[in-house]
Amino acid sequence: MTYAGDVRPTEAWGMLARDANALLVDVRTRPEWTFVGVPDLTSVGKMPILLSWQVFPDMNLATDFTQRLADAVPSREAPILFLCRSGARSRAAAAAMAAQGYSRCFNVSDGFEGNLDADRHRGQAAGWKAAGLPWMQD
């Protein structure tokens, strides 16, 4: 593993609440943020960094992702929690930033919505939403 590891959504929330330097980077796409929602970190005095790992609609990798995040987060020791829909894109983003010298990159396992449940719906069985963590939708 090239990044610091996977954390459950509730563990991520605890890190964000306890550590003033901890950041959440949501690597989903603008349509996902708009239509599905985003984590609401206002109660811990923070805002998520919204930075797509892939570019909608073709879903090619965002070639400037690591540079844009490095510009936004100069400290290579800050805990950075990466979140996507189900944990795959965020794992790749965490590994990419670890390869850039960021020492505390974590993947939020199960992501914002988690995998499909028995009824083929997301957000009920696992993930940020299913854990009952704060989120909002415009």
Side-chain angles (χ1 to χ4, degrees):
M1 185 175 350
T2 58
Y3 57 97
D6 295 328
V7 295
R8 308 286 298 162
T10 52
E11 293 173 282
W13 177 258
M15 290 173 71
L16 290 161
R18 285 187 310 274
D19 188 334
N21 297 315
L23 303 166
L24 179 70
V25 179
D26 188 328
V27 303
R28 295 174 299 145
T29 62
R30 181 170 306 283
E32 289 172 295
W33 302 323
T34 302
F35 298 112
V36 179
V38 295
D40 181 359
L41 307 180
T42 56
S43 68
V44 294
K46 298 178 181 184
M47 296 286 294
I49 296 171
L50 305 179
L51 184 60
S52 294
W53 174 249
Q54 293 174 295
V55 182
F56 183 83
D58 58 14
M59 300 307 279
N60 289 326
L61 290 180
T63 57
D64 61 346
F65 178 88
T66 56
Q67 184 58 55
R68 289 180 62 205
L69 189 53
D71 291 345
V73 183
S75 171
R76 292 179 186 259
E77 291 80 36
I80 306 174
L81 298 141
F82 292 87
L83 177 82
C84 68
R85 181 188 68 201
S86 58
R89 287 175 283 175
S90 52
R91 184 179 306 111
M97 292 311 290
Q100 296 295 312
Y102 285 77
S103 61
R104 299 178 67 197
C105 297
F106 297 89
N107 175 48
V108 180
S109 64
D110 298 323
F112 190 66
E113 297 180 276
N115 290 322
L116 296 170
D117 65 14
D119 294 321
R120 301 193 46 79
H121 298 147
R122 294 186 189 276
Q124 303 298 315
W128 188 276
K129 287 173 122 179
L133 297 171
W135 63 281
M136 61 185 171
Q137 191 170 18
D138 288 331

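Hydrophobic cluster membership is shared by Leu83 and Trp13, with clusters built from Ile, Leu, Val, Met, Phe, Trp and Tyr side chains linked at under 4.5 angstrom. By the criterion of side-chain heavy atoms lying less than 4.5 angstrom apart, applied directly or through intervening Ile, Leu, Val, Met, Phe, Trp or Tyr residues, Phe112 is not grouped with Leu116; the two fall into different hydrophobic clusters. Under a hydrophobic-cluster definition in which Ile, Leu, Val, Met, Phe, Trp and Tyr are linked whenever side-chain heavy atoms come within less than 4.5 Å, directly or via other members, Trp135 and Val38 are assigned to different clusters. By the criterion of side-chain heavy atoms lying less than 4.5 angstrom apart, applied directly or through intervening Ile, Leu, Val, Met, Phe, Trp or Tyr residues, Phe56 is not grouped with Val27; the two fall into different hydrophobic clusters. Residues Tyr102 and Phe65 share a single hydrophobic cluster, defined by chaining ILVMFWY side chains whose heavy atoms lie under 4.5 Å apart.
Taking all atoms of both residues into account, the shortest heavy-atom contact from Pro9 to Gly111 is CG-O, 4.2 Å. Considering every non-hydrogen atom in both Ala4 and Ser103, the closest pair reads CB-O, 4.3 Å.
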Side-chain atoms of residues 40-54: list all donor-acceptor pairs with protein atoms under 3.5 Å, sequence neighbours left out, distances to 0.1 Å.
{"residue": "Asp40", "atom": "OD1", "partner": "Thr42", "partner atom": "N", "Å": "3.1"}
{"residue": "Asp40", "atom": "OD1", "partner": "Thr42", "partner atom": "OG1", "Å": "2.7"}
{"residue": "Lys46", "atom": "NZ", "partner": "Leu16", "partner atom": "O", "Å": "2.8"}
{"residue": "Lys46", "atom": "NZ", "partner": "Asp19", "partner atom": "O", "Å": "2.7"}
{"residue": "Lys46", "atom": "NZ", "partner": "Ala22", "partner atom": "O", "Å": "2.8"}
{"residue": "Ser52", "atom": "OG", "partner": "Arg28", "partner atom": "O", "Å": "2.8"}
{"residue": "Gln54", "atom": "NE2", "partner": "Met59", "partner atom": "O", "Å": "3.0"}

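Rounding to the nearest 0.5 Å places CD of Glu32 at 6.5 Å from CZ of Arg85. To the nearest 0.5 Å, atom CD1 of residue Ile80 and atom CG of residue Leu69 are 5.5 Å apart. Residue Phe35 holds its CZ atom at 10.0 Å from OG1 of Thr29, rounded to the nearest 0.5 Å.
Remark: Arg76 engages no residue in a salt bridge (charged side-chain N to carboxylate O under 4.0 Å, His left out) (not counting sequence neighbours).
Tyr3 is listed as a side-chain neighbour of Asn107, based on a closest heavy-atom distance under 4.5 Å. Annotation: side chain of Trp33 is in contact with side chain of Asp26 (closest heavy-atom distance under 4.5 Å). Using a 4.5 Å heavy-atom cutoff, the side chains of Met15 and Asn21 are not in contact. Residues Leu23 and Pro79 form no side-chain contact, since every pair of their non-hydrogen atoms from C-beta on lies 4.5 Å or further apart. Using a 4.5 Å cut-off on side-chain heavy atoms (C-beta onward), Met97 and Thr66 make contact. No side-chain heavy atom of Val108 sits under 4.5 Å from any side-chain heavy atom of Ser90. Residues Phe82 and Arg91 form no side-chain contact, since every pair of their non-hydrogen atoms from C-beta on lies 4.5 Å or further apart.
Without hydrogens or angle criteria, Asp117 side chain to Arg120 main chain gives a donor-acceptor distance under 3.5 Å. When atom types are taken as modelled, the side chain of Gln67 and the backbone of Asp64 share no donor-acceptor pair closer than 3.5 angstrom. Side-chain atoms of Trp128 come within 3.5 Å of backbone atoms of Pro134 as a donor-acceptor pair (strictly under, hydrogens ignored).
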Check against side chain to side chain contact (heavy atoms under 4.5 Å, CB included), Val73 and Arg68: CA-CA 9 Å; Val73 183; Arg68 289 180 62 205; over 6 Å; no

